[in-house]
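Structure record follows, encoded as structure tokens.
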Amino acid sequence: MKAVAVAPGKVILYGEHFVVYNVPAIVMAIDRAVKVLVSPRDDGLLRICSDLGFACEYENGTAKPLMGGRKSVTFLEPVRIATKTVLEHFDEKKGLNIDVYSTIPSSVGLGSSGAISVATVAAVSKVLGHEIDKEQIWRLSLQAERYVHVTPSGIDPLVSVYGGLLVWRIQDGSKPKRIDRDIVLIVGNTGIQRSTGKFVSMVGKKKARKIEGISQLMGVMSWISNLALKAFKEMDLVTLGVLMNMNHELLKVIGVSHESLDRLVEATRKAGALGSKLTGGGGGGCMISLATPSKRAVVCKAIEENGGQPMIVRKHNAGVKVQLVKS
Ligand code: MEV
């Protein structure tokens with residue numbers, strides 16, 4: 001028997017970075033996903049393989065790259081940590097083969113590492129014969145998330161677990177509130193891969209040094225997220241766009257934007273988007289634009305003309321799904 005788990009990626013509409021400090025954020029699961037296949041093996045070894053050209057075998061915690069050189073050890077580490085967390089949680093010592101397939105571009109702020117951790121936790125638990133609920137999947141996947149984001153809020157694995165459009169702050173724990181609305185967004189990928197953890201740490205240092213105005217900025221971000229929630233209730237797209245623009249300025253102030261992101265944000269606004277902002281960890285990666293249907297093509301063109309790769313994303317309502325299949 002084999003376990004197969006599928007978990008969606010995400011875009012953060014409002015509140016990335018600030019969410020680490022208990023500010024409410026609005027996040028949406030998207031129609032791009034990770035698939036993880038797990039099957040048992042008899043020799044006690046762990047083998048992890050990704051369709052991005054990375055593979056490693058692990059014996060007593062020591063990694064031997066099979067494909068992709070030393071880079072594969074770093075790339076596959078969240079999968080190894082998620083697997084180890086589940087094995088330890090259930091006090092199991094089993095050999096496993098794990099195969100990871102993804103349609104979420106990696107390291108660009110679209111939640112691929114969160115989705116990989118969530119799908120790994122779900123599939124490893126299932127193949128070992130343990131039924132776990134969504135809250136447990138989320139909690140167990142946080143260990144791997146800490147490796148990637150250093151001091152994560154937990155929002156990325158949360159939306160991969162539950163799916164949909166959610167408003168959440170840390171104090172809500174495993175109980176995000178669903179926003180029963182649909183929205184289509186345009187993602188602009190700068191193609192610059194970067195480490196979210198690095199930027200989360202940088203913001204943390206600024207916060208710890210109490211740089212001038214940082215607590216006021218937290219207040220402004222809470223206000224933006226709460227107004228966005230109200231605008232969603234009324235489906236007031238113009239206000240949602242304005243709030244995205246404001247959110248981008250705040251992210252610039254805390255130092256997590258990048259010239260490539262600012263260029264796409266400017267170009268999409270000029271092309272007629274209602275609002276644009278970076279999404280996720282920043283420092284490269286992706287931005288998002290909200291545009292009326294008649295403006296979407298021209299906004300996509302503006303992204304392309306300014307060196308980005310456009311992609312239309314829609315809400316994916318289901319969270320992680322797992323099942324057993326015959327090998
Ligand atoms: C990354 O998608 C979102 C951040 O706020 C980090 C986190 O909340 O874990 C930058």
Side-chain angles (χ1 to χ4, degrees), residues 7-30 32-34 78 81-82 102 104-118 138-163 165-174 176 185 187-190 192-207 214 217-218 220-222 224-225 228 244 247-248 250-258 261 277-288 313 316:
K10 64 92 183 59
V11 287
I12 296 185
L13 280 71
Y14 304 95
E16 52 274 273
H17 285 288
F18 293 90
V19 67
V20 173
Y21 305 97
N22 200 30
V23 168
I26 298 182
V27 61
M28 183 173 86
I30 57 170
R32 300 285 189 285
V34 160
I81 295 173
S102 179
I104 312 170
S106 78
S107 306
V108 289
L110 298 182
S112 75
S113 61
I116 288 176
S117 305
V118 163
W138 176 58
R139 293 206 184 277
L140 291 174
S141 65
L142 287 176
Q143 203 60 27
E145 185 70 354
R146 276 187 201 106
Y147 171 79
V148 185
H149 288 182
V150 190
T151 51
S153 64
I155 195 166
D156 288 15
L158 186 95
V159 69
S160 273
V161 166
Y162 291 99
L165 178 63
L166 309 174
V167 58
W168 181 79
R169 61 199 294 182
I170 285 185
Q171 72 184 43
D172 298 335
S174 62
L185 292 166
V187 170
N189 186 353
T190 63
I192 300 172
Q193 294 184 314
R194 73 307 157 264
S195 143
T196 293
K198 194 176 117 192
F199 287 90
V200 170
S201 300
M202 188 198 78
V203 175
K205 283 187 193 130
K206 287 189 178 168
K207 179 117 191 334
I214 194 99
L217 288 183
M218 298 285 157
V220 176
M221 191 59 240
S222 288
I224 291 177
S225 290
M244 277 184 182
N247 192 166
H248 185 72
L250 290 196
L251 290 161
K252 270 168 85 169
V253 171
I254 63 168
V256 298
S257 194
H258 184 271
L261 287 166
K277 64 178 277 289
L278 73 83
T279 187
C286 290
M287 49 72 69
I288 50 171
V313 296
H316 187 77

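Counting convention: from 1, in listed order, for ligands and their atoms alike. Worth saying up front: this structure is predicted, and the values here are computed from it rather than measured.
- Checked against side-chain contact (heavy atoms from CB on, under 4.5 Å), Leu250 has the following partners two or more places apart in sequence or in another chain: Phe18, Leu217, Val220, Met221, Ile224.
- When each atom of ligand 1 is checked for a heavy atom of Glu16 under 4.0 Å away, the hits are 5 (O).
- Backbone and side-chain nitrogen or oxygen atoms of Asp156 are examined, and one is located within less than 3.5 angstrom of a nitrogen or oxygen of ligand 1.
- Here is the list of ligand 1 atoms found below 4.0 Å of a heavy atom in Val19: 5 (O), 8 (O).
- A distance-only check finds a donor-acceptor pair linking the side chain of Arg194 to the backbone of Ser107 [under 3.5 Å].
- Between the Asn22 side chain and the Ile170 main chain, a donor and an acceptor come within less than 3.5 Å of each other.
- Applying the side-chain contact (heavy atoms from CB on, under 4.5 Å) rule to Ser174 yields the partners Glu135, Trp138, Arg139, Tyr162; only residues at least two apart in sequence or on another chain are considered.
- In this structure, of Arg146, His17, Lys10, His149, the residue bringing a heavy atom nearest to atom 2 (O) of ligand 1 is Lys10.
- In terms of protein heavy-atom proximity, atom 6 (C) of ligand 1 is nearest to Val200 CG2, 3.8 Å.
- The distance from ligand 1 to the heavy atoms of Ile155 drops below 4.0 Å at these ligand atoms: 8 (O).
- Interface atoms of ligand 1 facing Pro152, defined by a heavy-atom separation under 4.0 Å, are 9 (O).
- Distances between N or O atoms of Ser153 and those of ligand 1 include at least one value under 3.5 Å.
- By the 4.0 Å N-to-carboxylate-O rule, Glu16 lies too far from Lys10 to be salt-bridged with it.
- Taking atom 3 (C) of ligand 1 as the reference point, the nearest protein heavy-atom neighbour is Ile12 CD1, 3.6 Å.
- Panel note: side chain Thr279, backbone Ile12; a donor-acceptor pair is recorded below 3.5 Å.
- Between the side chain of Thr190 and the backbone N or O of Cys286 there is no donor-acceptor pair closer than 3.5 Å.
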